[in-house]
Amino acid sequence: MRFSKMFIPTLREAPSEAEAISHKLMLRAGFVRQLAAGLYIFLPLGWRVLNRINRILKDEMEAIGAQEISMPILHPADIWQKTGRWFEIKEEMFRLKDRTDRDMCLGMTHEEIMTWLASREIRSYRDLPQIWYQIQTKLRDEARPKSGVLRTREFIMKDSYSFDISDEGLDHSYKLHADAYHRIFTRCGIDFYQVESDPGMMGGATAHEFMAPSPAGEDDIVQCGSCGYTANVEVARTVAPAMDTNWDYEEVYTPNKRTVKEVSEFINAEPSCFIKSLLLIADEGPLLALIRGDQELHEKKMSKLIGKFRAASKEEVKSIIGAEAGFIGPIGHTIRILSDYSLQSGSYVAGANKEDYHIKGVRPGTHFIPEWHDLHVAANGEHCPECGSAITIFKAIEIGNIFKLGTKYSSSLNAVFLDKNGEERPIIMGSYGIGPARIAAAAIEQNNDKDGIIWPPSIAPFDIEIIPLNVNDDKTKTIAEALYKFLTNKRIEALLDDRDERPGVKFKDADLIGIPIQIIIGEKGLKDNQIEIKVRRTRESRKVQLENAESEILGIVCDKE
RNA sequence: CGGGGCGUAGCGCAGUUUGGCUAGCGCACCUGCCUUGGGAGCAGGGGGUCGGAGGUUCAAAUCCUCUCGCCCCGACCA
């Protein structure tokens, strides 16, 4: 492509609304423009990147036997009603009616429709297994779109679905996808981890996410530096360091000191020496959740144990416990008590269930008997649940996920097959997603410098940028054109900056756009019959003789992946 | 949905507190000259009615009311 013929609206300054690095650079380099909150236009360069990513996705999906299909974005409501998600999902689903007043929705994902298809077409175990995929638009009315293309209301997703006759079959399909995803992200030049994740409303028991470390990410990932345990904090089962406090049991006067912070300062003890007692109201009634003073209650873990719950109001605390909020503790009442494992050792300060008093030296398991569970949010300084080594926590962008669905969708949509014995059984399913735009954003987040983007070669919009410094110089122009023609004939995608701009402008734009290799053709070098090959990432520049230029360039481009 | 911030030319901003002439600056854009190894220079020029509506006032970008939009933090994230 010729730069002069391509729409590449670069900006010297990023629009002020952009915060994330990838967002700023995508805007500045002319890859995207924003239409409205969470709605993005992909300009020629941006669309090229997405297509290159999609090429890799298709390549690797076909390699595991997945078949590409295309499904509608507009869905009839009744299918979503049958699986219940029409009712479970709230404002996040775009809903509308057609002209006959029939309820419809815009697809946020395609489990329902894929399963509907399977239910109509799959009859025998002989038809299985199947893997169907598409690269298709999804619409979600996000509560808060953010960070450019990282979280949008409309986005393209590679989604695939596996259909198997058994759990073993699902395990196999799952593994095929996990392996394919590793190859995909590696080929895309992304630094990533596969982590344990929460299946959430997708249903099923097992799920993993593929996470690209980046400060722009929305997820916190726990990682063990020793055994490799890696998990989203949503599910991470980290172990807090054991406490060795050994106080005698005594009541302490703590006038008007309610919060852990206030009491810990008042009696001069670390927050970790406290039992934080939270009165929760679940469907079954009130119960007490205990975590250590330095911990946060993990609401998702809690929900898994007791279902939906909420914090008790001040009035409820008083009427149920008989003491004001801030002075409640685990001792002396009969309501159900769930405690985090970390309270199994040591003695603690807890509320006395009496106005203005706390109790020091409380030993869980001795002074009261709780149910032991993992209830806290993983934090730095804790230990790996597998090997006990120290863990670290980092931010990451979710670039892909894989779920074992089991029969959640096939059961409700009656997607069944006849097994060898002629018995009807539900199809065992899995679903697997990748966000190409997130790959692009993660690539930028992980590969940039003060001047712009540094694309991994495999997903760069072009392989090479040819930069004739002065297009009014005949020799420069002739050589640039010849090289452009040569590369194009070799099916190497080259961008020729044929604009009549000064060198500085071209250099700045080239660095901003981030094409991995720059060929610089200037009058100075041509005097010695030389042109320059420059690597965007390292800025290393090498002068080569004109007669060797073609073979040198081929050499560099061909080992790009 | 809760909290905070911001809407003035394509982009970045000043002006708003304390109403007052034709609303300003840098970049970008157009024309000409000149220049060509890191966002050149000179000269000339085009473009906004200040997010929108209503109100106060002799007078509103500026004050008041309502409203729309965008960003950030949180909740949420199938």
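Per chain, numbering begins at 1; letters A, B, ... match sequence-line order.
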Heavy-atom protein contacts under 4.0 Å, nucleotides 4-9 of chain B, coded B base, S sugar-phosphate only, - none: ------
Side chain to side chain contact (heavy atoms under 4.5 Å, CB included) partners for A480(A), two or more places apart: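 Listed in chain order: I466(A), P468(A), L496(A), I521(A).
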Which residues pass the ring-ring contact (aromatic ring centres under 6.0 Å, His included) test with [X], not counting sequence neighbours?
{"X": "Y174(A)", "value": "H208(A)"}
{"X": "F462(A)", "value": "none"}
{"X": "Y133(A)", "value": "none"}
{"X": "Y193(A)", "value": "F394(A)"}

Whole angstroms only, please: what is the [atom1]-[atom2] distance between [X] and [N]?
{"X": "K90(A)", "N": "A75(B)", "atom1": "NZ", "atom2": "C1'", "value": "14 Å"}
{"X": "R310(A)", "N": "A75(B)", "atom1": "CZ", "atom2": "C1'", "value": "17 Å"}
{"X": "K300(A)", "N": "A75(B)", "atom1": "NZ", "atom2": "C1'", "value": "12 Å"}
{"X": "E523(A)", "N": "G38(B)", "atom1": "CD", "atom2": "P", "value": "13 Å"}
{"X": "L39(A)", "N": "G69(B)", "atom1": "CG", "atom2": "C1'", "value": "13 Å"}
{"X": "I520(A)", "N": "G37(B)", "atom1": "CD1", "atom2": "C1'", "value": "8 Å"}
{"X": "D528(A)", "N": "G37(B)", "atom1": "CG", "atom2": "C1'", "value": "14 Å"}
{"X": "Q530(A)", "N": "G37(B)", "atom1": "CD", "atom2": "C1'", "value": "14 Å"}

Taking only the side-chain heavy atoms of [X] (C-beta and beyond), determine which of [options] contains the nearest atom.
{"X": "S16(A)", "options": "G12(B), C76(B), C70(B)", "answer": "G12(B)"}
{"X": "E532(A)", "options": "G37(B), C71(B), G12(B)", "answer": "G37(B)"}
{"X": "Q34(A)", "options": "C76(B), C71(B), A28(B)", "answer": "C71(B)"}
{"X": "R144(A)", "options": "C72(B), G39(B), C76(B)", "answer": "C72(B)"}

Could you check which residues of residues 498-514 of chain A get a heavy atom under 4.0 Å from RNA chain B? Sort them by number, please. D500(A), E501(A), R502(A), P503(A), G504(A), V505(A), F507(A), K508(A), D509(A), D511(A)
Write down the distance separating the [atom1] atoms in [N] and [M], rounded off to the nearest Å.
{"N": "G69(B)", "M": "U8(B)", "atom1": "C1'", "value": "15 Å"}
{"N": "A14(B)", "M": "G32(B)", "atom1": "C1'", "value": "32 Å"}
{"N": "U17(B)", "M": "A60(B)", "atom1": "P", "value": "14 Å"}
{"N": "G38(B)", "M": "G47(B)", "atom1": "C1'", "value": "30 Å"}

If you pin G148(A) and W80(A) to their nearest nucleotides in RNA chain B, which one's is more 5'? G148(A)
Which sits closer to the 5' end of RNA chain B, E218(A) or A14(A), going by the nucleotide each is nearest to?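 Whichever sits nearer the 5' end wins; that is A14(A).
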Let's test your reading of the model: under 3.5 Å, does the base of G39(B) pair with the side chain of R28(A) as donor and acceptor? yes
Please state whether the base of U36(B) and the side chain of N472(A) form at least one donor-acceptor pair under 3.5 Å?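 Check passes, donor-acceptor contact within cut-off.
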Nucleotide opposite G7(B) in a Watson-Crick or G-U pair, distances under 3.5 Å: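 Because both required distances fall under 3.5 Å, G7(B) counts as paired with C68(B).
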Who pairs with U49(B) - Watson-Crick or G-U, where each distance is under 3.5 Å: none
Residues which pass salt bridge (Lys or Arg N to Asp or Glu O under 4.0 Å) with K543(A), listed by chain and number, not counting sequence neighbours: none
List the residues meeting salt bridge (Lys or Arg N to Asp or Glu O under 4.0 Å) with E91(A), not counting sequence neighbours, and say none if there are none.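 By the salt bridge (Lys or Arg N to Asp or Glu O under 4.0 Å) rule, E91(A) matches no residue at all.
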Sorted by first residue and then second, give each ring pair (Phe, Tyr, Trp, His ring centres under 6.0 Å) pair with at least one member in residues 495-542 of chain A; sequence neighbours left out.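 Ring pair (Phe, Tyr, Trp, His ring centres under 6.0 Å) check on residues 495-542 of chain A returns no pairs.
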Partner of H376(A) by side-chain hydrogen bond (donor to acceptor under 3.5 Å, both in side chains), out of R237(A), E382(A), R292(A), K301(A):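 Exactly one candidate clears the test, E382(A).
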Knowing that exactly one of S412(A), S411(A), S410(A) qualifies, which makes a side chain to side chain contact (heavy atoms under 4.5 Å, CB included) with T83(A)? S412(A)
With no hydrogens and no angle check, just 3.5 Å: does a side-chain donor-acceptor pair link H110(A) and Q136(A)?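 Side chains of H110(A) and Q136(A): no pair found under 3.5 Å.
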Measuring to OP1 and OP2 of C73(B), would you say a side-chain N or O of K146(A) lies under 4.0 angstrom away?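 Yes, such a contact exists.
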Pair E316(A) + R310(A), salt bridge at N-O below 4.0 Å: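 Salt bridge flag = yes for R310(A) with E316(A).
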Please report, to 0.1 Å, the donor-acceptor pairs under 3.5 Å made by any side chain of residues 24-42 of chain A, with sequence neighbours excluded.
residue	atom	partner	partner atom	Å
R28(A)	NE	L11(A)	O	3.0
R28(A)	NE	R12(A)	O	3.3
R28(A)	NH2	R12(A)	O	3.4
R33(A)	NH1	L27(A)	O	2.8
R33(A)	NH2	P9(A)	O	2.7
Q34(A)	NE2	A36(A)	O	3.4
Q34(A)	NE2	Y40(A)	OH	3.3
Y40(A)	OH	H23(A)	NE2	3.0

Anything under 3.5 Å between a protein N or O and an N or O of nucleotides 23-26 of chain B, put it in a table, one pair a line.
none

Counting the atoms with a prime plus P, OP1 and OP2 as sugar-phosphate, which does A18(A) contact under 4.0 Å by heavy atoms, base, sugar-phosphate, or nothing? nothing
